[in-house]
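Please read the structure below before turning to the comments.
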Amino acid sequence: MRVRFAPSPTGSLHIGGARTALFNWLLARGAGGRFVLRIEDTDLKRSTAENVEQILDALRWLELDWDEGPVFQSSLEERHREAVKTLLEGGRAYRSNATAEDVAAFKRRHGDDRGFRGEDEGEGAIRLRVPDDGDTAFEDLVVGEVRSPNRAMDDLVVARADGTPLYNLAVAVDDLDLEITHVIRGNDHLTNTAKQLLIIEALGATAPRYAHLPLLHGPDGKKLSKRHGAASVQELRAAGYLPAAVRNYLALLGWGAGDDETILSTQELIRRFDIARVQRNPAQFDEQKLRWMNGRYMRELSLEELTAALADFYGRDDLGPAAAISAEKLQTLAEFWPLCGFIYDGPVDDPAARERWLGAEGREVLVEIRDALASMEPFDEPSIEAALGAVVERRGLKPRDVYQPLRVALAGRPVSPGIFETVAVLGRDAVLARIQAALNL
RNA sequence: GCCGCUAUCGUCUAGGGGACUAGGACGCCGCCCUCUCACGGCGGAAACCCGGGUUCGAAUCCCGGUAGCGGUACCA
């Protein structure tokens with residue numbers, strides 16, 4: 001088995017594209033086949049080195065390794081020219097100067113459901129001769145039988161007047177050349193398949209199997225785009241998601257394992273993925289569920305792994321202590337700093353929190369806490385908890401009325417990791433200094 | 001317009017003629033846990049697009065309608 005993923009080199013790897021890549025990869029890995037990368041760049045303008053590198057980088061981040069490529073369509077141009085020659089010589093294609101207007105006029109004469117049929121003019125663009133009778137049909141691995149009448153299809157242009165190939169010809173020839181056995185792509189290519197089948201048939205070759213994945217939509221049912229938040233793999237990465245969680249979530253978008261399992265490791269995904277079970281209707285990308293799933297994966301990370309992920313995300317390697325006390329509160333890597341940044345940067349500025357917790361009573365409590373923590377030994381979590389608990393009891397207050405003023409003094413805001421852990425991580429000097437600073441406000 | 005694809009809770013889905021008072025997950029609501037926020041636990045509301053057929057029996061099969069999406073380039 002040889003499958004190929006063929007992204008357009010537009011610079012960003014769209015989430016829908018990432019899912020297509022994932023399904024190709026799962027299929028290849030599950031069957032011990034080859035995963036080939038081909039860059040669709042018939043329109044040479046877009047395939048800049050930077051754009052291609054960004055796509056490859058997104059794939060690397062997702063840990064979808066490829067066995068061959070990237071192969072550039074343009075590098076196969078000689079083969080495309082040969083194919084055009086074969087078509088012309090075999091009488092399966094002809095040269096025509098017919099314009100879009102000519103095509104429209106033809107339809108006015110023969111009816112809207114009649115495809116354009118031209119004459120050989122010996123010059124102009126190269127058009128494939130589409131048969132008038134019969135259907136072009138194929139058994140799609142996802143959709144099932146797809147059948148379309150030949151008479152409704154225009155004689156399609158396969159190469160420009162200057163001989164350069166067009167997409168449908170390039171794809172058909174490349175898939176043949178690379179000996180691709182399974183083409184898995186988005187449903188937006190479904191109607192291209194009949195054209196490619198016609199080209200392959202005219203070339204006398206055998207077509208690969210096809211599987212068309214349902215498209216991905218945003219929360220409003222419209223095509224997924226920037227305005228829905230993250231729309232590309234790069235944005236997912238920047239939003240602090242874990243590759244394994246993204247793979248798990250994407251795999252379940254349009255495919256179900258068939259039972260009630262939701263959290264599936266990549267090994268499980270490979271083992272159980274079945275292209276025939278892929279959903280036929282389009283799915284909406286729901287970032288809330290991804291966040292939940294990412295949280296599950298975050299909590300399964302060891303402290304070492306989490307610290308490494310944070311180091312990679314924030315570019316600093318001193319985050320371990322804060323990671324240790326905040327791990328179960330994080331859904332994404334990006335949530336770490338808003339929650340724990342105060343440990344490194346000092347208390348944040350939150351007037352409402354000061355107003356609420358650092359009034360006269362709060363300050364009295366802080367003084368008592370300061371005195372209790374000042375001389376306590378050792379300065380560790382159990383003794384901190386005991387010391388603070390004693391303050392609660394002595395003053396006859398609810399725990400929160402003691403802990404929240406302290407929290408606001410240390411973090412500046414009413415939300416932080418557990419208070420005992422936070423005090424321990426900050427250390428005595430920093431805690432006493434922050435309490436004093438809060439009292440001096 | 002024409003050609004094609006699709007249709008189960010708000011969302012992702014299970015369902016392959018009787019096991020369906022339609023199951024799970026996210027989200028939402030309530031309760032519990034609790035130093036905040038989370039995590040976790042328990043409970044709840046929430047769906048078969050509409051109309052015909054086939055059948056003893058339809059979410060499931062067929063047809064029609066409607067809706068959504070895609071394609072309809074000398075773009076990819």
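Just so it is clear, the values below take in all heavy atoms, side chains as well, and ignore hydrogens, waters and symmetry mates. Below, chains carry the letters A, B, ... as their sequence lines are ordered, and counting in each starts from 1. Note that the coordinates shown come from a computational prediction; the quantities given were computed from them, not determined experimentally.
For A/Q284, the listed nucleotide lying nearest its side chain is B/C12; candidates were B/G71, B/U36, B/C12. If you check B/G70, B/C74, B/U6 against the side chain of A/N281, the one that comes closest is B/U6. Side-chain proximity of A/R277 to B/C3, B/G15, B/U6: nearest is B/G15. Nearest nucleotide to the A/L190 side chain, out of B/C35, B/G4, B/C74: B/G4. Which of B/C74, B/C35, B/A76 sits closest to the side chain of A/R407 comes down to B/C35. Taking the side chain of A/H217 as heavy atoms from C-beta on, and the options B/G70, B/C74, B/C69, the nearest nucleotide is B/C69. The side chain of A/R280 has B/U6 as its nearest neighbour among B/C35, B/U6, B/A38. Here B/C3 is the nucleotide among B/C5, B/U11, B/C3 with the atom lying nearest to any side-chain atom of A/D113. If you check B/A76, B/C35, B/C26 against the side chain of A/S8, the one that comes closest is B/A76. Taking every side-chain heavy atom of A/P149 into account, B/G4 is the closest of B/A14, B/A76, B/G4.
In this structure, A/R114 does not reach the B/U72 phosphate: none of its side-chain N or O atoms is under 4.0 Å from OP1 or OP2.
For B/C74, there is no paired nucleotide, since no Watson-Crick or G-U wobble pair has both relevant distances below 3.5 Å.
Taking atom C1' on both B/C33 and B/G43, the two are 15 Å apart, rounded to the nearest angstrom. Nucleotides B/A25 and B/C39 have their P atoms positioned 15 Å apart, rounded to a whole Å. With C1' as the reference atom, B/C12 and B/G27 are 11 Å apart, rounded to whole Å. The P atoms of B/G24 and B/C61 are separated by 23 Å, rounded to the nearest whole Å. Separation of the C1' atoms belonging to B/A58 and B/G16 is 12 Å when rounded to the nearest angstrom. Straight-line distance between the P atoms of B/G10 and B/C35: roughly 38 Å, to the nearest whole Å. Here the separation of B/A14 from B/G23, taken at their C1' atoms, is 6 Å to the nearest Å. Taking atom P on both B/G15 and B/G57, the two are 26 Å apart, rounded to the nearest angstrom.
The aromatic rings of A/F420 and A/Y403 sit perpendicular, their planes meeting at an angle over 60°, well past the 30° parallel limit. In this structure, A/Y210 and A/F138 have perpendicular ring planes: the angle between them is above 60°, well past the 30° mark.
Rounded to whole Å, atom C1' of B/C37 lies 13 Å from atom CH2 of A/W357.
Across all strands, A/R95 comes closer than 4.0 Å to no nucleic acid atom at all (heavy-atom distances). Among the atoms of the strands shown, base atoms are found under 4.0 Å from some heavy atom of A/I419. Residue contacts for A/G254: at a heavy-atom cut-off of 4.0 Å it reaches the sugar-phosphate backbone alone, with no base atom in range. At the heavy-atom level, A/R299 lies under 4.0 Å from the strands shown only through sugar-phosphate atoms. Nucleic acid contact for A/R413: none, since no nucleic acid atom lies under 4.0 Å from a heavy atom of the residue. Counting non-hydrogen atoms under 4.0 angstrom, A/P214 reaches nothing in the nucleic acid. Note on A/T262: only backbone sugar-phosphate atoms sit closer than 4.0 angstrom, heavy atoms only; bases stay farther off. Looking at heavy-atom distances under 4.0 Å, A/A283 makes contact with sugar-phosphate atoms alone, never a base. Using a 4.0 Å heavy-atom criterion, one finds that A/D401 contacts no nucleic acid atom at all. Backbone-only engagement by A/Q279 is indicated by non-hydrogen atom pairs under 4.0 Å involving sugar-phosphate atoms exclusively. Among the protein residues, A/P399 comes within range of the sugar-phosphate backbone only, with heavy atoms under 4.0 Å from sugar or phosphate atoms but none that close to a base. Nucleic acid contact for A/F420: base, since at least one base atom lies under 4.0 Å from a heavy atom of the residue.
For A/P414, the side-chain contact (heavy atoms from CB on, under 4.5 Å) partners two or more places apart in sequence, or in a different chain, are A/D350, A/A353, A/W357, A/Q404.
For B/C39, the O4'-C1' to base torsion is within 90° of 0; the nucleotide is therefore syn.
Remark: the A/S74 side chain and the A/E77 side chain contain no N/O donor-acceptor pair separated by less than 3.5 Å. Looking only at atom types and distance, the side chain of A/Y94 has a donor-acceptor partner in the side chain of A/D155 under 3.5 Å away.
Salt bridge annotation for A/R413-A/D349: absent, with no cationic side-chain nitrogen under 4.0 angstrom from a carboxylate oxygen. Salt bridge A/R428/A/D380: absent, no basic N to carboxylate O contact under 4.0 Å. The pair A/D175-A/R38 meets the salt-bridge criterion, with a side-chain N (NZ, NE, NH1 or NH2) lying under 4.0 Å from an Asp/Glu carboxylate O.
One donor-acceptor pair, N or O on each side, does fall under 3.5 Å between the base of B/C37 and the side chain of A/K329.
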